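Being a predicted model, the structure only gives us computed values, none of them experimental. The chains referred to below are lettered A, B, ... by the order of the sequence lines, with proteins before strands, and numbering in each begins at 1.
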Amino acid sequence: MAGQRRQNRVLALDFFKADALQLAPMLLGKYLVREHEGNIVRLVINEVEAYLGEEDLACHASKGRTPRTEVMYLEGGHIYIYLIYGMYYMLNIVTGKKDHPQAILIRGTQEISGPGRLTKFLQIDKTLNAKLLTPDNGLWMEESGIKLNYKTTPRIGVAYAKEWALKPWRYVAD
DNA sequence: ACAAAGATCCGT
DNA sequence: CGGATCTTTGTA
């Protein structure tokens with residue numbers, strides 16, 4: 001049955017407890033699924049970036065624990081949303097173990113390019129912050145069977161992060 | 001209390 | 001290339 005098969009394809013929360021650098025390339029080709037006001041949308045992820053711990057100057061957790069970064073210290077599988085430039089919500093998935101702040105920014109999909117445009121399209125805002133990535137919360141991921149070739153580049157928009165700005169932690173399908 | 005900067009996007 | 005637009009954070 002298609003419905004049951006689909007159910008089995010939902011990525012369990014345990015999947016996100018691995019390290020961000022290991023997970024980031026694995027998210028390419030996965031479905032990002034949003035259910036909102038009765039509509040379900042599936043998009044194929046094709047661009048992500050990893051943010052890795054307090055020592056990574058590009059990572060918000062480089063400031064340590066603050067009201068905003070507290071979410072990144074939760075266990076992998078939580079959703080981290082923040083507003084940037086007063087206009088755009090950024091969608092991140094917390095990864096790794098509790099108290100090890102990491103997150104993967106979902107920068108784009110095959111259908112929608114750009115992290116700000118993506119959240120606008122999916123109607124994602126701060127109400128999802130700190131929630132779990134599950135169907136119950138209206139946002140989750142699914143296995144798709146799609147394999148994408150990809151390359152790595154430095155992350156976008158983090159020139160201030162000194163030597164961390166050079167880390168090839170952006171993964172983009174080609 | 002205040003100022004500065006920001007994991008972006010769009011129009012000129 | 002500059003403006004929009006407002007939250008978070010550091011400093012006083």
Partner nucleotide, any strand, of B/dA4 [Watson-Crick/G-U, under 3.5 Å]: C/dT8
Side chain of A/K63 (C-beta onward), nearest among C/dT5, C/dG10, B/dT8: C/dG10
Between P of B/dT8 and CD1 of A/I106, the distance in whole Å: 14 Å
Below 4.0 Å: OP1/OP2 of C/dA4 and any side-chain N or O of A/Y88: no
Note: A/E75-A/K98 ion pair, threshold 4.0 Å (strictly below): no
Sugar-phosphate only, base, or nothing, as touched by A/K126 at under 4.0 Å among non-hydrogen atoms: sugar-phosphate
Sugar-phosphate, base or nothing in reach of A/L105, heavy atoms under 4.0 Å: base
Donor-acceptor under 3.5 Å (A/R34 side chain, A/Q123 main chain): yes
No-H, no-angle donor-acceptor pair, A/Y82 side chain to B/dA7 base, under 3.5 Å: yes
Sugar-phosphate, base or nothing in reach of A/R155, heavy atoms under 4.0 Å: nothing
Between C/dC6 (C1') and A/I84 (CD1): distance, integer Å: 10 Å
Main-chain N/O of A/G29 paired with A/S144 side-chain donor or acceptor, under 3.5 Å: yes
Atom-pair distance (CG on A/L57; C1' on B/dA7), nearest Å: 14 Å
Cationic N near anionic O, under 4.0 Å, A/K162 to A/D56: no
Short N-O contact, A/R107 and A/E49, less than 4.0 angstrom: yes
Separation of B/dC9 P from A/F121 CZ (nearest whole Å): 15 Å
Distance, rounded to the nearest Å, where A/W164 contributes CH2 and B/dA7 contributes C1': 16 Å
Sugar-phosphate, base or nothing in reach of A/G116, heavy atoms under 4.0 Å: sugar-phosphate
Option from A/K30, A/E143, A/M141 for which side-chain contact (heavy atoms from CB on, under 4.5 Å) with A/F15 holds: A/K30
Interatomic distance, A/D125 CG vs C/dT7 C1' [rounded to whole Å]: 14 Å
Whole-Å distance separating the CG atom of A/L83 from the C1' atom of C/dT9: 15 Å
Under-4.0 Å side-chain N/O to phosphate OP1/OP2 contact, A/R68 with C/dT7: no
Separation of atom CD in A/E47 from atom C1' in B/dC9, rounded to whole Å: 14 Å
Centroid distance under 5.5 Å and plane angle under 30°, A/Y85 vs C/dA4: no
A/R107 vs B/dT8: side-chain N/O to OP1/OP2 distance below 4.0 Å: yes
Touch class at under 4.0 angstrom, heavy-atom based, for A/M90 against every strand present: sugar-phosphate
A/H60 vs B/dA7: side-chain N/O to OP1/OP2 distance below 4.0 Å: yes
